[in-house]
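Notes follow once the structure below has been shown.
Numbers restart at 1 for each chain; the letters A, B, ... are given by sequence-line order, proteins then strands.
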There are 2 protein chains.
Amino acid sequence: MKHAYDVYAQACPTRVVLDRLADKWIVLILGLLGEQPMRFNQLRREIQGVSQKVLSQALKKLERDGLVHRQAFATVPVTVEYSITPLGRSLASTVSELARWAEANIESVIAAQQSYDAAELRRGES
Amino acid sequence: MKHAYDVYAQACPTRVVLDRLADKWIVLILGLLGEQPMRFNQLRREIQGVSQKVLSQALKKLERDGLVHRQAFATVPVTVEYSITPLGRSLASTVSELARWAEANIESVIAAQQSYDAAELRRGES
DNA sequence: AATAGTGGGTTTCTAAAAGAAACCAGGTAT
DNA sequence: ATACCTGGTTTCTTTTAGAAACCCACTATT
């Protein structure tokens, strides 16, 4: 049984969605928001190394795609809370698994890299 | 219980791995190679829209990370077969789910985008 | 003998994106 | 007055992605 949408086809809109999901920051953001709603600077502190610009852009895209909900409160200073939507939640477990795989298998990957680099060095002796 | 490696920490090597995995082309490549070994141009034809350069770079990185195995046969013209490794296989189902989620939920995402864009238009009337 | 085609790439060049750092607004506390 | 808070945007530089052309070794065609 074939899909109506095929992510392997060039002009398919699923490509755009996949390109959105397959992003380091999106994986990390959805992983956090899957646990609890969070505010902008809270996310920024949790996700170490993300710049304000990139975080802001990522959240905007996630909001536009209906994966994250943005709510501003007229406190002083202003409070903005980001939370995951039902659609986002249906995705969160999958993307979290990516992060967990990275944490669980980092040692195997590093070992593979070292063995690859060592072999390359032997081959490419100038 | 805390992980030894925390993907939310800036200097953590898992970040590098996650950044590698969270890539549109890597998801698509691993999805295909999880089904069967494939040759370079076969991958290129299946994954519509990928350039030779990007495919070549992605495969090199996957090989270095120990996720994909590259085997060249001295036929004429040369034959190169890419296959998934056990480590890569342990990841393939997770990344395939990303692609499947995109195919399954594209309509909800497009609907959310349209409603977002319509609301934005109403707000931002100049 | 020259030309075209094959698989599997690399090189070159340009347009787009990521990232670091500075800036801003509106308000509070010192 | 000055410094600080949240939640961003702007500017500028460095990477990266992507399109297109090229390359090599070989074969088959004219």
Side-chain angles (χ1 to χ4, degrees), chain A residues 8-12 15-16 18-29 32-33 37-64 68-83 116 120 123-124 126, chain B residues 8-12 15-16 18-29 32-33 37-64 68-83 116 120 123-124 126:
Chain A
Y8 286 95
Q10 182 161 19
C12 187
R15 267 292 176 79
V16 180
L18 180 62
D19 202 25
R20 175 79 24 97
L21 307 181
D23 176 279
K24 177 174 53 171
W25 303 123
I26 265 67
V27 169
L28 294 174
I29 293 169
L32 285 176
L33 294 185
M38 285 205 183
R39 295 169 53 184
F40 185 85
N41 280 332
Q42 201 178 358
L43 282 168
R44 196 154 83 88
R45 279 187 294 267
E46 288 281 336
I47 304 173
Q48 294 171 29
V50 70
S51 75
Q52 287 181 307
K53 184 186 104 179
V54 169
L55 180 57
S56 160
Q57 286 175 342
L59 286 168
K60 248 183 225 168
K61 288 178 186 172
L62 285 172
E63 192 194 354
R64 178 165 183 265
V68 156
H69 176 67
R70 177 186 189 275
Q71 191 166 13
F73 299 94
T75 54
V76 133
V78 64
T79 301
V80 178
E81 188 182 79
Y82 291 93
S83 54
Y116 180 96
E120 177 129 279
R123 274 196 303 278
S126 59
Chain B
Y8 287 94
Q10 181 162 19
C12 187
R15 267 292 175 80
V16 180
L18 180 62
D19 202 26
R20 176 79 25 96
L21 306 181
D23 176 279
K24 177 175 55 171
W25 303 122
I26 265 66
V27 169
L28 294 174
I29 293 170
L32 286 175
L33 293 185
M38 285 205 184
R39 295 169 53 185
F40 186 86
N41 280 331
Q42 200 178 356
L43 283 167
R44 196 155 82 89
R45 279 186 295 266
E46 289 280 337
I47 304 171
Q48 293 171 29
V50 69
S51 75
Q52 287 182 305
K53 184 186 104 178
V54 169
L55 180 57
S56 161
Q57 285 175 342
L59 286 168
K60 248 183 226 167
K61 288 178 185 172
L62 285 171
E63 192 195 354
R64 179 164 182 264
V68 155
H69 176 67
R70 178 186 188 274
Q71 190 165 15
F73 300 94
T75 54
V76 135
V78 63
T79 301
V80 179
E81 189 182 79
Y82 291 93
S83 54
Y116 180 97
E120 176 129 281
R123 273 195 303 277
S126 60

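- Rounded to whole Å, the distance from CD on A/Glu81 to P on D/dT6 is 15 Å.
- Two residues are said to be in side-chain contact when any heavy atoms from C-beta on lie closer than 4.5 Å; A/Phe73 and A/Arg39 fail this criterion.
- Between the C1' atom of D/dC5 and the CD atom of A/Gln42 lies a distance of 15 Å, rounded to the nearest Å.
- Between the CZ atom of A/Arg15 and the P atom of D/dA17 there is a distance of 15 Å, rounded to whole Å.
- Rounded to a whole Å, the CG atom of A/Leu55 is 14 Å from the P atom of D/dT6.
- Partners of A/Arg20 by salt bridge (Lys or Arg N to Asp or Glu O under 4.0 Å), not counting sequence neighbours, listed by chain and number: A/Asp65.
- Each of B/Gln71, B/Arg70, B/Met38 was evaluated against B/Val80; a single residue qualifies, B/Arg70, per the side-chain contact (heavy atoms from CB on, under 4.5 Å) test.
- Residue B/Thr75 is out of contact with every strand shown, counting any heavy-atom pair closer than 4.0 Å.
- Atom CD1 of A/Ile26 and atom P of C/dA18 are 9 Å apart (whole Å).
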- Note on the structure: Readout for nucleotides 9-15 of chain C: B = base within 4.0 Å of protein heavy atom, S = sugar-phosphate only, - = neither; 5' to 3' it is BBBB---

- In sequence, state the C-alpha distance, the side-chain angles, and the governing distance for B/Phe40 and B/Leu59, and then conclude on side-chain contact (heavy atoms from CB on, under 4.5 Å). CA-CA 9 Å; B/Phe40 186 86; B/Leu59 286 168; 3.8 Å; yes

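- Counting to the nearest Å, the P atom of D/dT15 and the NZ atom of A/Lys24 are 14 Å from each other.
- Here C/dG8 is the nucleotide among D/dA17, C/dA18, C/dG8 with the atom lying nearest to any side-chain atom of B/Arg39.
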- Could you please spell out the steps behind the side-chain contact (heavy atoms from CB on, under 4.5 Å) verdict for B/Leu55 and B/Trp25? CA-CA 8 Å; B/Leu55 180 57; B/Trp25 303 122; over 6 Å; no

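- Annotation: side-chain hydrogen bond (donor to acceptor under 3.5 Å, both in side chains) contacts of A/Ser56 (sequence neighbours excluded): none.
- B/Arg44 meets the salt bridge (Lys or Arg N to Asp or Glu O under 4.0 Å) test with no other residue; sequence neighbours excluded.
- The distance from atom CD of B/Gln48 to atom P of D/dA19 is 13 Å, rounded to the nearest whole Å.
- As a whole-Å value, the separation of A/Asp23 CG from C/dA18 P is 7 Å.
- At least one side-chain heavy atom of B/Leu28 sits less than 4.5 Å from a side-chain heavy atom of A/Leu18.
- Comparing the helix axis at one end of the helix from C/dA1-D/dT30 to C/dT30-D/dA1 with that at the other, each defined from 5 consecutive pairs, gives an inter-axis angle of 30° (nearest 10°).
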Donor-acceptor contacts, no H, no angles, side chain residues 45-52 of chain B, under 3.5 Å, sequence neighbours left out:
residue : atom : partner : partner atom : Å
B/Gln48 : OE1  : A/Gln10 : N            : 3.3
B/Ser51 : OG   : B/Val54 : N            : 3.2

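- Side-chain N/O atoms of A/Trp25 include none lying less than 4.0 angstrom from OP1 or OP2 on C/dA18.
- Nearest to the side-chain atoms of B/Val78 among the listed nucleotides C/dG8, D/dC26, D/dG7 stands C/dG8.
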